[in-house]
Visitor: 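This is the structure I have questions about; it appears just below.
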Amino acid sequence: MRVEIWSDIACPWCYIGKARFEQGLAAFAHRDGVEVVHRSFELDPDRAKGDTGLVLDMLARKFGRSPEEARAMEEHVASNARAEGLGYLTEGRDHGSTFDIHRLLHLAKARGRQEQLLDLAYRANFAEERSVYDPEVLLALAVEAGLDEAEARSVLADESAYADEVRADEREAAELGATGVPFFVLDRTYGVSGGRPAEVFTQALEQAWGERAPLRTVGSTDDSADACGPDGCEVPAASDTTTTAATGTAG
């Protein structure tokens, strides 16, 4: 079974939701049969590269709140994060375009290091005083995740690198009806929106696994015509000779 997760590094509930999903997956009996794929979703796709500002200022402006109310909002999210054992800074964090981060995550996916880079980027953004919007910090995270420094630097320098992959993920999210993240899709059959409790993810996994459609085979499974098995391949006899059977190997 495949689980696809649309998320954004700037999204605190994606950070929390990933931890909760992993707890839910750990409690799932068939967890070894689940493939997890992370996909891109920008919460602020029109934000210009280099346009950064403090998260508290952004929250106050976006939601029309006072600085005190914005700080209270962050404290509420922080309490949820800390309940999951995650670090969370409520002061001093910045906010900006996540497009470069998503492009680098696609490089990491191609090199089998996506999970490592994603975890490092979340931790840097929410729990450490390291700005993921600084190209040099992002490059350092890529190297820490196991990526080649020269290749990662080349991707960051070329704004077209993996851009199509990011946009394709975002189009798919729109087609699936996702308007926010985190958004979890199980076998393209079930969707779970938001950073739900771990037990909700376990239940969703169990339901999706149990309701998978069984394989439907055309023809009898006992009919070995035009097929190969452990003992070889049946070779049909010519119509004008006595029927014989032979075995061989597929060429």
Side-chain angles (χ1 to χ4, degrees), residues 1-9 11-41 76-88 102 105-127 144-147 165 168-170 172-222 227-230:
M1 184 168 67
R2 171 180 284 195
V3 176
E4 297 163 280
I5 307 173
W6 275 263
S7 60
D8 193 6
I9 290 297
C11 164
W13 291 110
C14 296
Y15 175 49
I16 296 167
K18 183 176 186 295
R20 290 176 174 173
F21 170 76
E22 288 170 352
Q23 293 172 34
L25 179 61
F28 178 51
H30 304 286
R31 56 188 172 275
D32 292 338
V34 177
E35 175 193 11
V36 179
V37 178
H38 295 280
R39 300 203 179 278
S40 301
F41 190 107
H76 171 70
V77 178
S79 66
N80 279 268
R82 291 164 187 158
E84 304 302 334
L86 302 172
Y88 197 100
H102 285 297
L105 282 166
H106 273 281
L107 167 65
K109 179 182 178 182
R111 300 294 176 263
R113 309 300 294 175
Q114 187 185 50
E115 191 80 27
Q116 290 84 348
L117 180 56
L118 185 61
D119 284 338
L120 287 168
Y122 273 138
R123 188 173 70 196
N125 188 47
F126 291 105
E144 192 176 343
L147 295 179
E165 287 82 351
D169 278 356
E170 293 174 335
E172 276 198 275
E175 290 167 1
L176 291 169
T179 57
V181 286
F183 186 60
F184 303 79
V185 177
L186 287 61
D187 262 357
R188 291 294 172 108
T189 302
Y190 287 90
V192 179
S193 180
R196 306 291 181 175
E199 57 269 21
V200 172
F201 288 115
T202 304
Q203 291 167 6
L205 288 164
E206 290 171 348
Q207 186 170 358
W209 186 275
E211 295 184 9
R212 291 179 305 159
L215 178 68
R216 296 181 180 180
T217 304
V218 176
S220 170
T221 55
D222 295 328
C228 297

Visitor: Do V3 and L25 touch side chain to side chain, with heavy atoms closer than 4.5 Å?
Guide: no
Visitor: Are side-chain N/O atoms of H106 and D169 paired as donor and acceptor at under 3.5 Å?
Guide: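 A pair is found: one side chain offers a donor N or O, the other an acceptor, under 3.5 Å apart.
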Visitor: Locate the shortest heavy-atom distance separating F184 from G17; write the atom from each residue and the value.
Guide: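 Shortest heavy-atom contact: CZ-O, 3.9 Å.
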Visitor: Would you find a donor on one side and an acceptor on the other, under 3.5 Å apart, between the side chain of N125 and the backbone of I9?
Guide: yes
Visitor: Which distance, rounded to the nearest 0.5 Å, do you find between the CZ of F21 and the CZ of F28?
Guide: 9.5 Å
Visitor: Under the side chain to side chain contact (heavy atoms under 4.5 Å, CB included) test, which residues partner A127, sequence neighbours left out?
Guide: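 A127 satisfies side chain to side chain contact (heavy atoms under 4.5 Å, CB included) with Y15, R123 only.
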Visitor: Sequence neighbours left out, what passes salt bridge (Lys or Arg N to Asp or Glu O under 4.0 Å) with R113? Give chain and number order.
Guide: none
Visitor: Grab the two heavy atoms, one from G195 and one from P182, that are nearest each other, plus how far apart they are.
Guide: N-CG, 3.7 Å
Visitor: Could you tell me the separation between the CD atom of E211 and the CG atom of L186, rounded to the nearest 0.5 Å?
Guide: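 Interatomic distance, E211 CD to L186 CG, rounded to 0.5 Å: 11.5 Å.
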Visitor: Indicate the atoms forming the closest heavy-atom contact of A26 with R31, along with that distance.
Guide: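 The pair with the smallest heavy-atom distance is O-NH1, 3.3 Å.
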Visitor: Drop me the distance from F41's CZ to W6's CH2, to the nearest 0.5 angstrom.
Guide: 10.5 Å
Visitor: Taking C-beta and beyond as the side chain, do R188 and E172 meet within less than 4.5 Å on heavy atoms?
Guide: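 A side-chain contact exists here, since the closest heavy-atom pair is under 4.5 Å.
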Visitor: Going by side chain to side chain contact (heavy atoms under 4.5 Å, CB included), name the residues that satisfy it together with R20, two or more places apart in sequence or in a different chain.
Guide: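 Partners of R20 under the side chain to side chain contact (heavy atoms under 4.5 Å, CB included) test: W13, I16, N80, E84, F201.
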Visitor: Which pair of heavy atoms, one from E170 and one from S40, lies closest together, and at what distance?
Guide: CG-O, 3.6 Å
Visitor: List in chain and number order the residues that pass side chain to side chain contact (heavy atoms under 4.5 Å, CB included) with V37, two or more places apart in sequence or in another chain; answer none if no residue qualifies.
Guide: R2, E4, E35, R39, K109
Visitor: Please identify each residue that fulfils side chain to side chain contact (heavy atoms under 4.5 Å, CB included) with E115, with sequence neighbours left out.
Guide: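 Side chain to side chain contact (heavy atoms under 4.5 Å, CB included) list for E115, sorted by chain: K18, E22, H38, D119.
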Visitor: If I take atom CZ from residue F126 and atom CG from residue L86, how far apart are they, to the nearest 0.5 angstrom?
Guide: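 It comes to 10.0 Å.
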Visitor: Considering only residues two or more places apart or on different chains, which pairs with a residue in residues 192-206 satisfy side-chain hydrogen bond (donor to acceptor under 3.5 Å, both in side chains)?
Guide: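 Qualifying pairs: none.
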Visitor: Which value, rounded to the nearest 0.5 Å, describes the distance between Y122 atom OH and S7 atom OG?
Guide: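 With rounding to 0.5 Å, OH (Y122) is 3.5 Å from OG (S7).
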Visitor: Rounded to the nearest 0.5 Å, how far does CE of M1 lie from CG of L205?
Guide: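 Nearest 0.5 Å value for the CG-CE distance: 4.5 Å.
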